[in-house]
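Here is the structure we will look at.
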Amino acid sequence: MEQIALGYPKSRNGLKRRFRVGENAILALLFISGVFSIFTTIGIVYELGKEALLFFRTPNVDLWSFLSGTQWQPHIDKFGILPLFTSTLITSLFAMLIAAPLGMGAAIYLSEYASEKVRGFLKPILEILAGIPTIVYGYFALTFMTPLLRTIFGRDVVEIYNTASAGLVMGILILPMIASMAEDALSAVPNALREAAYGLGGTKLEVALKVVVPAAISGIAAAFIVGISRAIGETMIVAVAAGAGPNFTFNPFKGAETMTGHIVRISGGDLSYDSIDYNSIFAIGLMLFFVTLTLNLISQQVVRRFREVYE
Amino acid sequence: MTHTIEKIKTQRIKVSEKLVYVLETKKLNIYYDDFRAISEVNMKIERNKVTAIIGPSGCGKSTLLRSFNRMNELVQGSRISGEVLFHGQNLYAPDVDPVEVRHRIGMVFQKPNPFPKSIYENIAWGARVHGFKGNMDELVEYSLRQAALWEEVKDILDHSGLALSGGQQQRLCIARALAVQPEVILMDEPASALDPISTLHIEDLIRELSNHYTILIVTHNMQQAARVSDFTAFFNMNGDRSGYLVEYDNTNQLFTMPKNKLTEDYITGRFG
Amino acid sequence: MNGPSIQKPEIEFTDNIRDRNRYGRLWVYIFRFSTIIGIIALATLLFNIINQSSGYVVYEAKGDPAALTLDGVPIEEQTKDQLMRVLSSHLSKGAYSKLDRTKPFAERSRNDVYDLVVERIVKYEVVDSWLLWDSLTRKDEITAAVEEEYPEALLRFDVWINSDFLRRPQSSNPVIAGVRTAVLGSLWTIGITILFAFPLGVMAAIYLTEYAGDSWANRIIQTNINNLAGVPSIIYGILGLAIFVRALEPLTSGTLFGVTDPTSANGRTILSAGLTLGLLVLPLIIINAQEAIRAVPNSLRHAGYGLGATKWQTVWSHVLPNAIPGILTGTILAISRAIGETAPLVVIGASTVIYFDPEGPFSKFTTLPIQIYQWTSRPQDEFRFLAAAAILVLLALLLTLNAVAVLLRNRYSRRY
């Protein structure tokens, strides 16, 4: 058939598929970029796994004593992760003690009570809080929270470096994150549900607490889980304020190094490759990676289930 | 300028001598995953005529229309069986390039969707994409004149296409489609988002354009179909919500003396 | 009515509306309080930092600054030549020429030489200090106490964050320490991060939103990106240490390009740091960019395809131009995260003290957060003040970036 258009190049093969070189080159480039992140994950798992394996192959180290040992003292070949793990647990616990109830309260207030104007003012403040670098929070813990705790509970009770101070400040860091995720979940609850509850004569509080919150419970749960995961992986606050040196204690007013804090302190010095110290941070890192990954996967699963209910 | 238009017109006449039917479907079925949206459609579309597709909502009118330039492929999970022939060539043959198909068979959408660029750029972009080498200013003016929009916008060609009224935006979209010189223009309820006056403008335009282009129009408005089209195809749904062709005839014939009871019920407003 | 009739049971309600409303009001206070805690925390944090960033400081000089007066001009007002004369007359010949060898005096500015005089001859030391709040409220008390306790000393109201602080390089002496080295290090590192992560992230986002179908492979890529965004930053540090610092050492140290002397080369460079942070923010950039690309209405894509344009022509001409403000905003937010990151850089080995400006991607480096970390870890008060001042510099940098992001968002807010 004949070409109608003026000024258009004559198409030689009609409707036949053309091989467009540029188009395919671009697609290849985009595909490689898309796949790149897979290599990051492979890199993490491979490198952590490889060095951790070297660590566990060292004489005097075995998986059982690693998981159950209460002493982490590399110079006498004691590699028990419990002291690092318990202090991670304590700081995370303190963080959640602050962040979960306050984050939840803020989420309910923002989603159910606050006017559009108030929300427009408060949300940016929470966003600023979430955007402050964690080293600044570490400084805050050391120069404000610790002296405060020492004034309240006495200087003999509270050490200069302690897990409580780090944990509490970490709670302030995580609060806006939980508030924002939980608020998203609450806002996603259909208005019809609220109207139904008001129609039965519920007060605003009853509607919020007994209808909206339960309806959004999986989204809220996901927010909490991500919060815990964030707390476990948080590094600079504990590195500055929680103390240097592993310490197997449940006393939050004593100094104790967390898993992340230990990695930072060990690698902060001149770390020589192929030493047991070098390998040990990979073992701790691997454990950290799996714990946070599991928590994140659980939270995604929970959110997915939540979505199925309302869409 | 006039030279260009004359040349385009002469070339068009040459083509017209060759074939009467531009498009033809053979046992066309369209599926979305397991759902069959359109079943067993056989119809021929006559050249330089307006063919309207009517039917109750959800009967797959738009789906069928989009299958004529392979736009339905953009929906994930859609596939077809059967054939859509364009000048006797199957559009769904493995060696056919959907991009080329859409060059020849243009489309105007339900909601006006000009690019957020200047009026001039809206027209010029498609032409440039297809390697247009001629005088771009001439092409823009010619396309806008064809779409009966030139007088309204000739002084504001550098304004954003989005600054126009809804009716003007839709005529801009038509001009944009014309600029790449398609043979067929598919129109998916082109006036449904517009006010009555703009709708009249578009209908006049469609009549005018049918002198040079083959036009397929989907509409839910029976009066519109009666006003603008030469042929009308009436579609209905099966029990399984799959659309099928009930009756296809000269528009006059179909609206005055429908052969099928269902068609009669529909055009007299008894259902739909 | 047929069938068994329904017996109406005894129904009684208690009149509890007053209690319920009272509870309702009480809880509103609790919710409001939770929200306000955030504001209080932010205010306290800022107050705490500003409080430590200026105040009265008592200096005692080991050498006597008055004795250094030359031609009747005190050292504070001397010219570069005069200062050099002071320096050469008070330092041993060897020490003087050693200074000249590290950096020729001809290249040093007047202020550099002045710093040297203070550091080498006057030797100011901080003997006492007060926070801003105390300095303002108890001014007379402090002046009296200082006059009594340190009659020889110099009492000065110091704002730790000042132009000298921004200009000076790092130093072990808090009196003349500055953040120039750290700020330059941060900028170099972030530059590399952007060059690496921005194009890669945007291309990945285009692939995932525009090209990738709903296959299992693409779902894995997507899930993987979401999970990477939740991996603790310190893990990226460990990865960077193993890959960039160690495995790719010839590349990251620059020996591969013959830039660096192989004997002293080391992978702990700005390049390694930038790439590590790049890996860290890549998933964030991808996720933000995907959101921006998805926000472009489908009608635009269909308009492009309907004209017979190819996928890339449509993406390039219509999808990207309309998504770019959103992509940039998201990228800026991700980059501000990278600027504040400390842990991964400590792990890949940034914490060595450096006194010289970075010269390129293969330089050793320190960054602003690292500098804050180091100063915070020192027990002396004056280092805390330096840390507070450095934090203010960091926050100002982040605030500027975020303001740009907000401006972008408002300037190009959606028009359809």
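Quick caveat: nothing in here was measured; it's all calculated off a predicted structure. Numbers restart at 1 for each chain; the letters A, B, ... are given by sequence-line order, proteins then strands.
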Worksheet item: Is chain C contacted by the side chain of Pro98(B), its backbone, both, or neither, given a heavy-atom distance below 4.5 Å?
Response: neither
Worksheet item: Got a donor-acceptor contact below 3.5 angstrom from the Arg102(B) side chain to the Asn69(B) backbone?
Response: yes
Worksheet item: Going by an N to O cut-off under 4.0 Å, is there a salt bridge joining Glu73(B) and Arg70(B)?
Response: yes
Practice prompt. Sort Lys117(B) into side chain, backbone, both or neither according to what part of it lies under 4.5 angstrom from a heavy atom of chain C.
Written response: side chain
Worksheet entry | Plane angle bin for Tyr305(C) and His302(C) - parallel if under 30°, tilted between 30 and 60°, otherwise perpendicular | tilted
Fill in: Non-neighbouring partners of Asn402(C) that pass side chain to side chain contact (heavy atoms under 4.5 Å, CB included), sequence neighbours left out
Leu333(C), Ser336(C), Leu398(C)
Worksheet entry | Side chain / backbone / both / neither for Leu186(B) at chain C, heavy atoms under 4.5 Å | neither
Discussion item. Counting heavy-atom pairs under 4.5 Å with chain C, which one of Gln76(B), Arg66(B), Gln110(B) comes out on top?
Written reply: Gln76(B)
Item to complete: Could you tell me which portion of Phe115(B) (side chain, backbone, both or neither) has an atom closer than 4.5 angstrom to a non-hydrogen atom of chain C?
Response: both
Fill in: Check: Thr223(C) main-chain N/O paired with Asn226(C) side-chain donor or acceptor under 3.5 Å
no
Practice prompt. Salt-bridge test for Glu341(C) and Arg337(C): reply yes if a basic N is under 4.0 Å from a carboxylate O, no otherwise.
Written response: yes
Worksheet item: Can any side-chain N or O of His318(C) pair as donor or acceptor with the backbone N or O of Gly304(C) at less than 3.5 Å?
Response: no
Discussion item. Counting only non-hydrogen atoms closer than 4.5 Å, can you tell me which residues of residues 204-214 of chain C sit against chain B?
Written reply: Gly213(C), Asp214(C)
Worksheet item: Name the one of Thr25(B), Leu64(B), Ile80(B), Asn72(B) that satisfies side chain to side chain contact (heavy atoms under 4.5 Å, CB included) with Ile38(B)?
Response: Leu64(B)
